[in-house]
Structure formats: C-alpha cells, structure tokens
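Counting from 1, the numbers follow the sequence of the chain as shown.
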Amino acid sequence: MILIDRWMKILEYLKEKKFATVEEMMENFKISRSTLRRDLIAMEERGHIKRTRGGAEIVGKII
C-alpha cells in the first residue's frame with residue numbers, strides 16, 4: 001500500500017471511530033507495529049492526529 005493511501009485510510013478510520021488502538025490498526029491495515037508507529041508520528045507532526053498511550057485519536061476537523 002502506498003504511504004498516502006495508508007494515511008488516508010488511517011484518517012478515515014479514526015474519523016469514524018474517534019480513537020483506535022495500535023493493535024486494532026495493525027490488524028485492520030495489515031501493517032507492522034514499526035510501520036504504524038512511523039506513520040502515526042509523521043501524522044501527529046502534521047497535526048492530523050494525536051498519539052495516545054496505546055493508540056491514536058483524531059484531532060480537530062480533517063477534510
């Protein structure tokens with residue numbers, strides 16, 4: 001899966017659920033913990049999400 005496609009899927013998933021655990025996202029997107037961790041860090045740096053202990057949540061209004 002291409003990086004931007006994966007990010008969009010993660011954002012869509014978080015828009016629906018508001019919060020998701022790392023394990024839940026790993027299983028849902030069929031990616032490793034390290035790949036998910038890198039994605040979440042980059043997405044948080046850009047202000048799209050907020051990482052939490054054991055997961056992530058959507059921040060603000062995402063288009």
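Nearest approach of Leu14 to Ala56, heavy atoms of both residues: CD2-O, 3.5 Å.
In this structure, the separation between NZ on Lys15 and CD1 on Ile10 is 13.0 Å, given to the nearest 0.5 Å. Rounded to the nearest 0.5 angstrom, Arg38 CZ and Leu3 CG are separated by 10.0 Å. The CG atom of Leu36 lies 13.0 Å from the NZ atom of Lys30; values are rounded to the nearest 0.5 Å. Rounded to the nearest 0.5 angstrom, Thr21 OG1 and Lys17 NZ are separated by 8.0 Å. From Glu12, atom CD reaches atom CD1 of Ile58 across 8.5 Å, with rounding to the nearest 0.5 Å. To the nearest 0.5 angstrom, Met25 atom CE is 10.5 Å from Arg33 atom CZ.
Judged as a salt bridge (charged side-chain N to carboxylate O under 4.0 Å, His left out), the pairs with a partner in residues 1-10 (not counting sequence neighbours) are, in order, Arg6-Asp39. Pairs engaging residues 45-60 under the salt bridge (charged side-chain N to carboxylate O under 4.0 Å, His left out) rule: Glu44-Arg51 [sequence neighbours left out].
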